[in-house]
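Quick notes on the structure that follows.
As the structure lists them, so they are numbered: ligands from 1, and atoms in each ligand from 1.
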Amino acid sequence: MIIVFSKGRIKSISTKDEGFKRNAIGVFDSGVGGLTVFREILKALPNEDCFYLGDTARLPYGTKSKETVTTFAVKNTEFLVSLGIKFLVVACNTAASAGLETIEEKFDIPTIGVVLPGAEKAVKVTKNGKVGVIGTRSTIMSGAYKAEIANIDPDVQVFQQPCPLFVPLAEEGWTENEVAHLVAEEYLAEFSAHGVDTLILGCTHYPLLKKAIQQAVGYDVQLIDSALPIAWEVKKRLEKMGIEREENERKYKFFVTDDPENFVRVGEPFLGHNIDDVEHVDIVV
Ligand code: DGL
């Protein structure tokens with residue numbers, strides 16, 4: 001039996017049997033963006049089996065309503081749970097902002113979303129108390145980052161900017177070309193006038209465009225990518241629950257809901273190794 005704190009409530013989660021510990025970590029995003037998180041999880045937890053689901057058939061999430069995104073998030077979780085997972089990482093800010101609470105209510109699996117670790121890191125890093133948040137329209141409208149930051153430190157000022165075109169650019173692999181730089185300039189040149197010293201990349205696709213974003217906001221602004229903080233948080237929580245694996249010849253596997261070709265093309269150079277084991281799954285209603 002594991003006790004998990006979920007949104008201030010205490011929830012007990014049955015580990016079923018000793019085999020629970022051997023289950024994998026499940027990670028999902030709408031596409032390649034969550035690979036930024038998956039990469040850090042693979043590094044931080046070398047003994048854990050891991051599954052990645054990219055819901056490429058329903059991407060983008062960031063332009064859709066909270067209800068629709070929550071339905072997708074629940075479907076993705078059902079699929080990963082059916083494979084046997086011991087921990088779920090919602091590596092999508094849009095899905096975490098819209099549906100984390102619903103997932104925590106519906107499933108007996110310890111779960112973490114990307115929003116909180118990014119918000120915590122930004123509050124820790126800012127020196128002038130002015131933090132910028134960029135994300136999909138849906139994440140920005142949800143106010144999830146504003147709320148988390150206000151909870152941690154109400155004195156920190158938050159300035160937000162949706163950057164919806166970054167997602168198709170990342171999915172296309174157009175991350176460092178002239179178009180990427182022009183789009184970043186257009187979104188962020190004026191935004192820089194707020195004087196933020198810290199900028200949260202509030203969408204897991206955005207770290208792929210880090211160079212263009214950094215150039216547009218200036219090199220004295222610190223970019224916050226939640227991938228590393230979330231990977232360490234997963235490690236910490238597994239250890240705390242006593243379900244981390246000490247030894248294992250780790251396996252990992254990818255699933256996508258649309259044709260794997262583009263996912264492999266864009267994902268491989270980014271992940272830094274081959275995406276051989278990728279399977280198309282039909283979970284789209
Ligand atoms: N990568 C996702 C996020 O972190 C969203 C991309 C999309 O719009 O599907 O918000």
Subject >> CZ-CG distance between Phe72 and Asp55, expressed to the nearest 0.5 angstrom >> reply: 7.0 Å

**OP:** Report the C-alpha distance between Ser138 and Thr94 in whole Å, list the side-chain angles of each, state the deciding distance to 0.1 Å, and finish with yes or no for side-chain hydrogen bond (donor to acceptor under 3.5 Å, both in side chains).
**Re:** CA-CA 6 Å; Ser138 171; Thr94 311; 5.3 Å; no

Subject >> Ligand-residue contact atoms, ligand 1 with Thr94, heavy atoms, under 4.0 Å >> reply: 3 (C), 5 (C), 10 (O)

**OP:** State the NZ-OG1 distance between Lys66 and Thr139, to the nearest 0.5 angstrom.
**Re:** 11.5 Å

Original post:
Are the aromatic ring centres of Tyr252 and Tyr52 under 6.0 angstrom apart?
Top reply: no

Subject >> Numbering as shown, the atoms of ligand 1 that approach Ser30 to under 4.0 Å (heavy-atom distance) >> reply: 5 (C), 6 (C), 7 (C), 9 (O)

**OP:** Under 4.0 Å from a heavy atom of Asp29: give me the atoms of ligand 1 that qualify, with their elements.
**Re:** 1 (N), 2 (C)

Original post:
Is Thr136 close to ligand 1, meaning an N/O of one under 3.5 Å from an N/O of the other?
Top reply: no

Original post:
So how far is it from Asn76 CG to Thr257 OG1, rounded to the nearest 0.5 Å?
Top reply: 7.5 Å

**OP:** List every atom of ligand 1 that sits less than 4.0 Å from any heavy atom of His205, numbering the atoms from 1 in the order shown and giving each element.
**Re:** 1 (N), 2 (C), 6 (C)

**OP:** Please report which non-hydrogen protein atom sits nearest to atom 7 (C) of ligand 1, along with the residue it belongs to and the distance in Å to one decimal place.
**Re:** Tyr61 N, 3.3 Å

**OP:** Would you mind checking which non-hydrogen protein atom is closest to atom 8 (O) of ligand 1, with the distance to 0.1 Å?
**Re:** Gly62 N, 2.8 Å

**OP:** List the steps and the verdict of salt bridge (charged side-chain N to carboxylate O under 4.0 Å, His left out) for Arg237 and Glu233.
**Re:** CA-CA 6 Å; Arg237 293 202 191 179; Glu233 188 59 35; 3.0 Å; yes

Original post:
Relative to ligand 1, is Pro60 under 4.0 angstrom through side chain, backbone, both or neither, heavy atoms considered?
Top reply: both

